[in-house]
Peer 1: 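I'd like to ask you about the structure that follows.
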Amino acid sequence: PHDPSYKWPPILASQLACLAFQLVALWALYGIGRRTGDASLGLSLAILYAGSAYVLGLGSDQYLAGGLVFISHIAPTAMLLLAVYFLHRPFLSGACVAGAAGVLFFPVFFYPLFFGWQFWRDRAAALRSLAGFIIVGGLIGLMVIWFTGTLDGKGPVQLLLESTLEHQEGFSSDQYGGSPFSFWGNFPALAAFWQAPLIGSSG
């Protein structure tokens, strides 16, 4: 998007994509509840999720925080719920966690939890889950590198790091690391130690 030649999609396309992910999340929650209890539990989970202020969004017409106005908040959650729904199909579950990381990177940090949970129950299933995670994650990584050009002398890997880890950890005005709502914003002394660059100037 920082490239002047980038063409933004129509807002309706983004809205429909967000709605599709929201419907996937509700379907997965209903299925999880139905499998672990009954249809009433499934409906209850879906209704509680859909009615949550954090899903609907907080704020006003001008200042919005979270929820359905940000597909980046809805899509990874939907993919993680799919991963939970497909726990009985380990390859698909692992693939869904990788897909969740493909729409917003933080779910990659959840995968050890999924793998560990499966490993202590069925090691063969855990390996199938790992295969799904690696194959889909690898394909997504290759697509990102292949379809990301260079910008201001930065290659795809550097741009990816800037847009993910550095965006979350950094302290500039367009990054989250200095926010009082972030972990680092609440512990500036820890941030000063842990965020000191090991190489170069990048966090």
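The structure presented is a predicted model; accordingly, all values stated were derived computationally and were not measured.
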Peer 1: Say whether Leu26 and Tyr30 are linked into one hydrophobic cluster, either directly or through other cluster members, by side-chain heavy-atom distances under 4.5 angstrom.
Peer 2: no
Peer 1: Which residues satisfy the side-chain contact (heavy atoms from CB on, under 4.5 Å) test with Leu41, sequence neighbours excluded?
Peer 2: Thr36, Asp38, Leu45
Peer 1: Can you list the residues that meet the ring-ring contact (aromatic ring centres under 6.0 Å, His included) rule with Phe21, with sequence neighbours excluded?
Peer 2: none
Peer 1: I need the full list of salt bridge (Lys or Arg N to Asp or Glu O under 4.0 Å) pairs touching residues 132-148, with sequence neighbours left out, sorted by first then second residue.
Peer 2: none
Peer 1: So which atom in Gly99 and which in Val136 form the shortest heavy-atom distance, rounded to 0.1 Å?
Peer 2: N-CG1, 4.2 Å
Peer 1: Please report the shortest heavy-atom distance between Val97 and Ala83, naming the atom on each side.
Peer 2: CG2-CB, 3.5 Å
Peer 1: Rounded at 0.5 Å granularity, tell me how far CD1 in Ile32 sits from OH in Tyr85.
Peer 2: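 With rounding to 0.5 Å, CD1 (Ile32) is 9.0 Å from OH (Tyr85).
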Peer 1: Name all residues meeting the ring-ring contact (aromatic ring centres under 6.0 Å, His included) criterion together with Phe105; count only those two or more places apart in sequence or in a different chain, and write none if there are none.
Peer 2: none
Peer 1: Are Ile74 and Leu58 linked, directly or through intermediate hydrophobic residues, by side-chain heavy-atom contacts shorter than 4.5 Å (ILVMFWY only)?
Peer 2: no
Peer 1: For Ser52, give me all partners under side-chain contact (heavy atoms from CB on, under 4.5 Å), at least two apart in sequence or on another chain.
Peer 2: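 By the side-chain contact (heavy atoms from CB on, under 4.5 Å) rule, Ser52 matches Tyr54, Val55.
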Peer 1: Is there any salt bridge (Lys or Arg N to Asp or Glu O under 4.0 Å) pair reaching into residues 65-77, and which pairs are they, with sequence neighbours excluded?
Peer 2: none
Peer 1: Out of curiosity, does Phe91 fall in the hydrophobic cluster containing Phe86 (side-chain heavy atoms, cut-off under 4.5 Å, transitive links)?
Peer 2: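 Not linked; separate clusters.
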Peer 1: Just jot down the side-chain contact (heavy atoms from CB on, under 4.5 Å) partners of Phe106, sequence neighbours excluded, or say none.
Peer 2: Pro76, Leu80, Leu104, Phe110
Peer 1: What pairs of donor and acceptor atoms, side-chain ones from residues 140-153 against any protein atom, are under 3.5 angstrom apart with sequence neighbours left out?
Peer 2:
{"residue": "Thr148", "atom": "OG1", "partner": "Val144", "partner atom": "O", "Å": "2.5"}

Peer 1: For the side chain of Thr164 and the backbone of Leu160, is there at least one donor-acceptor N/O pair under 3.5 Å apart?
Peer 2: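 Pair found, side chain donor or acceptor close to backbone of Leu160.
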Peer 1: Among pairs that include at least one residue of residues 179-201, which meet salt bridge (Lys or Arg N to Asp or Glu O under 4.0 Å), considering only residues two or more places apart or in two chains?
Peer 2: none
Peer 1: Could you grab the distance from atom CH2 of Trp27 to atom CD of Gln22, nearest 0.5 Å is fine?
Peer 2: 15.0 Å
Peer 1: Which residues pass the side-chain contact (heavy atoms from CB on, under 4.5 Å) test with Leu113, not counting sequence neighbours?
Peer 2: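 Testing Leu113 for side-chain contact (heavy atoms from CB on, under 4.5 Å), a comparison that skips the adjacent residues, returns none.
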Peer 1: Going from CZ on Phe114 to SG on Cys96, what distance comes out if it is rounded to the nearest 0.5 angstrom?
Peer 2: 9.0 Å
Peer 1: Return the set of residues passing ring-ring contact (aromatic ring centres under 6.0 Å, His included) with Tyr6 (not counting sequence neighbours), or none when no residue passes.
Peer 2: Trp8
Peer 1: Using atom types as modelled, flag every donor-acceptor pair under 3.5 Å from a side chain in residues 117-132 to any protein atom, sequence neighbours excluded.
Peer 2:
{"residue": "Gln118", "atom": "OE1", "partner": "Ser129", "partner atom": "OG", "Å": "2.9"}
{"residue": "Arg121", "atom": "NH1", "partner": "Trp117", "partner atom": "O", "Å": "3.0"}
{"residue": "Asp122", "atom": "OD1", "partner": "Ala124", "partner atom": "N", "Å": "3.1"}
{"residue": "Asp122", "atom": "OD1", "partner": "Ala125", "partner atom": "N", "Å": "3.2"}
{"residue": "Ser129", "atom": "OG", "partner": "Tyr111", "partner atom": "OH", "Å": "2.8"}

